[in-house]
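No experiment lies behind these values; they were computed from the predicted model shown.
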Amino acid sequence: MIPQAAIPLPENFDESGFADLKAEIAAYVANEGEEWTRRIEAERAVPPELRVELKERGYLSLAGPKEYGGAGIPFSRYLELLELFAMSHASLRMIVHVANGVWRSVDQFATEEQRRDYVMPAVTGDLTVAFTLTEPTAGTGADLRCEVEREGDTFYLSGEKHLITFGVSCDRWLLFARLAGTSGADGTIALLVDRDTPNVQVEDMGESLGVRGTDHAHLVFDRAPVPVSDTLGEEGKGLQVAFGGFLTPSRIAVAMTCVGLAQRAQDLAAEHAARRVTFGKPLSQRQAISFALAENAADIEASRQLTLHAARRWEAGAPDAAVLSSMAKLTAVDMLGRVTDKALQAHGGIGFWSSSPIERVYRDARAQRFEEGTNEIQKTIIAREVFAPVHASIAEREVG
């Protein structure tokens, strides 16, 4: 893959103002963000006023187009800000990440009416949309079992979804199902389902190991009525909405959240190592610790640059953007595991207690392996790309 420069920034992009915004967000994460972290961990829930505060500060609209009410920050530059948010509590960065990304999936296939009613309010933070793909009895893809039957101008939706981030507290579910009687990707459909739709059972899945406070829903639909007008894109093309509009940039964004959280772990470990004295010397002067954190620094920077490269390729509409997004996410997730493990080790036993910030960071890091596809899914995508030209070459030689 040939490296490519970033697409030119908009002529009116304000570098000075962007630098000020980065400084503002860094200060917010270090101060208010830490207060929210303590409150979320203590209450085991995200207070509704956190989302309100993030909206009022404009943090939910950073990546949205200006014509939709957003700040219009280019994707690769927005990632610089997302890295900072990822250094805060995982539930705080999750709110920012989803709000600044899920609108793309809707916008790419929306009618003008849907753009007005759903995309623009999602960009401004007035509407919360939950990406609703994963099912308890199927893989995340063409084997979806949730299905709809059409009667006149209404679809009747039946089936189950689970692990749906913000599925309890959202306004709409961006839900993927299949047309009754179909199989495979060509039978899939995307729907914008109202949260108050009847015949839907919504259950909060309870507390998780990390990302505490963010609600995740288990949903059961029993012939829930959905207007046909709430279809997004063409019938039979649902997975194009899911993958083409959302997953590629979202995987890149998740990779950058891994970078941010790893940097937070590294900063905590470096500060502890500089302060902690054993046998008359700070840990930072112990080669075992200093070398481990040196490895961390290189690991973090390598993932950061691969992620930014993938982002620039996506911005440029490059055909390799999708596989690069999987590479970035796979690499960053593995990096995050190594970095947080070494950072916790640098703290010694005290890092294992909840009184130490590294304990929460360590727990939150494990969740990243599941977001936007497991490592195994990313490897499958990458391997397909690795072998595609080889298989094509073999087939060409055999035909010749």
Side-chain angles (χ1 to χ4, degrees), residues 64-65 68 98-99 101-124 126-135 137-202 217-250 372:
Y68 293 177
V98 172
V102 74
W103 62 267
R104 289 191 188 89
S105 194
V106 183
D107 185 51
Q108 186 171 350
F109 298 91
T111 64
E112 286 305 311
E113 184 178 0
Q114 289 171 333
R115 189 165 287 113
R116 180 198 68 211
D117 293 343
Y118 305 131
V119 179
M120 293 182 181
V123 167
T124 58
D126 294 306
L127 185 79
T128 302
V129 179
F131 192 79
T132 309
L133 177 62
T134 306
E135 299 182 2
T137 59
T140 306
D143 60 338
L144 291 173
R145 297 188 181 185
C146 239
E147 67 176 26
V148 294
E149 294 181 335
R150 182 168 181 171
E151 295 180 11
D153 293 332
T154 303
F155 283 123
Y156 289 92
L157 171 65
S158 299
E160 289 183 77
K161 298 287 184 181
H162 77 162
L163 303 176
I164 306 305
T165 304
F166 303 131
V168 177
S169 59
C170 66
D171 300 300
R172 288 266 167 174
W173 295 298
L174 174 55
L175 184 142
F176 303 91
R178 69 170 52 264
L179 300 163
T182 66
S183 61
D186 291 340
T188 58
I189 188 169
L191 301 169
L192 286 161
V193 182
D194 193 305
R195 171 64 175 78
D196 295 326
T197 298
N199 302 335
V200 184
Q201 179 183 331
V202 181
H218 179 207
L219 310 172
V220 180
F221 303 90
D222 183 11
R223 284 186 57 81
V226 181
V228 170
S229 60
D230 284 343
T231 303
L232 186 63
E234 298 178 28
E235 292 184 17
K237 304 294 184 181
L239 290 187
Q240 290 185 15
V241 178
F243 298 151
F246 181 72
L247 282 179
T248 294
S250 191
E372 314 305 15

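- With Ser158 contributing its side chain and Arg223 its backbone, the two residues share a donor-acceptor pair below 3.5 Å.
- For the pair Gln108/Phe246, no side-chain contact is recorded, criterion being any heavy-atom separation below 4.5 Å from C-beta on.
- No side-chain heavy atom of Leu232 sits under 4.5 Å from any side-chain heavy atom of Leu191.
- Rounding to the nearest 0.5 angstrom, the gap separating the CD1 atom in Ile189 from the NZ atom in Lys237 is 12.5 Å.
- Here OH of Tyr156 is found 12.0 Å from CZ of Arg150. Values are rounded to the nearest 0.5 Å.
- Environment of CD in Glu151: crowded, with over 12 heavy atoms of neighbouring residues, nucleotides or ligands closer than 6.0 Å.
- Minimum interatomic distance between Tyr68 and Val123 (heavy atoms only, all atoms of both residues): O-CG1, 3.9 Å.
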CA sep, side-chain torsions, deciding dist, call: Leu192, Leu174, side-chain contact (heavy atoms from CB on, under 4.5 Å): CA-CA 5 Å; Leu192 286 161; Leu174 174 55; 4.0 Å; yes
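- The NE2 atom of His162 sits 6.0 Å away from atom OG1 of Thr134, with the distance rounded to the nearest 0.5 Å.
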Test side-chain contact (heavy atoms from CB on, under 4.5 Å) applied to Thr248 and Phe243, step by step: CA-CA 7 Å; Thr248 294; Phe243 298 151; over 6 Å; no
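- Across every non-hydrogen atom of Leu133 and Leu144, the tightest pair is O-CD2, 3.7 Å.
- Considering all non-hydrogen atoms of both residues, Tyr118 and Leu127 come closest at O-CD2, 3.5 Å.
- Counting only distance, with no hydrogens or angles, the side chain of Arg195 and the backbone of Ser169 share no donor-acceptor pair below 3.5 Å.
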From CA spacing to verdict: side-chain contact (heavy atoms from CB on, under 4.5 Å), Val202, Leu219: CA-CA 5 Å; Val202 181; Leu219 310 172; 3.8 Å; yes
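- A salt bridge does not link Arg145 with Glu160: none of the charged nitrogens is closer than 4.0 Å to a carboxylate oxygen.
- In this structure, Glu135 contributes its side chain and Ala177 its backbone to no donor-acceptor pair below 3.5 Å.
- Shortest non-hydrogen contact noted between Cys146 and Leu157 is SG-CD1, 4.3 Å.
- Nearest approach of Arg104 to Pro249, heavy atoms of both residues: CD-CG, 4.3 Å.
- Between the side chain of Asp230 and the main chain of Val226, no donor-acceptor pair closer than 3.5 Å is present.
- Taking the six-membered ring where tryptophan is involved, the planes of Phe176 and Phe131 are tilted, since the angle between them lies from 30° to 60°.
- Ala130 approaches Thr165 most closely through the heavy-atom pair CB-O, 3.4 Å.
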Arg172 vs Asp194, side-chain contact (heavy atoms from CB on, under 4.5 Å): CA-CA, chis, key distance, verdict: CA-CA 5 Å; Arg172 288 266 167 174; Asp194 193 305; 3.4 Å; yes
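- Note that CE of Met120 and CG of Asp126 are 12.5 Å apart. Values are rounded to the nearest 0.5 Å.
- For Phe155, there are no ring-ring contact (aromatic ring centres under 6.0 Å, His included) partners two or more places apart in sequence or in a different chain.
- When atom types are taken as modelled, the side chain of Asp186 and the backbone of Gly236 share no donor-acceptor pair closer than 3.5 angstrom.
- Side-chain N or O atoms of Ser105 include none that pairs as donor or acceptor with a backbone N or O of Ala242 at under 3.5 Å.
- Contact check for Phe109 versus Gln114: no side-chain heavy atoms found under the 4.5 Å cut-off.
- Thr154 places no side-chain N or O within donor-acceptor distance of the main-chain N or O of Pro225, the cut-off being under 3.5 Å.
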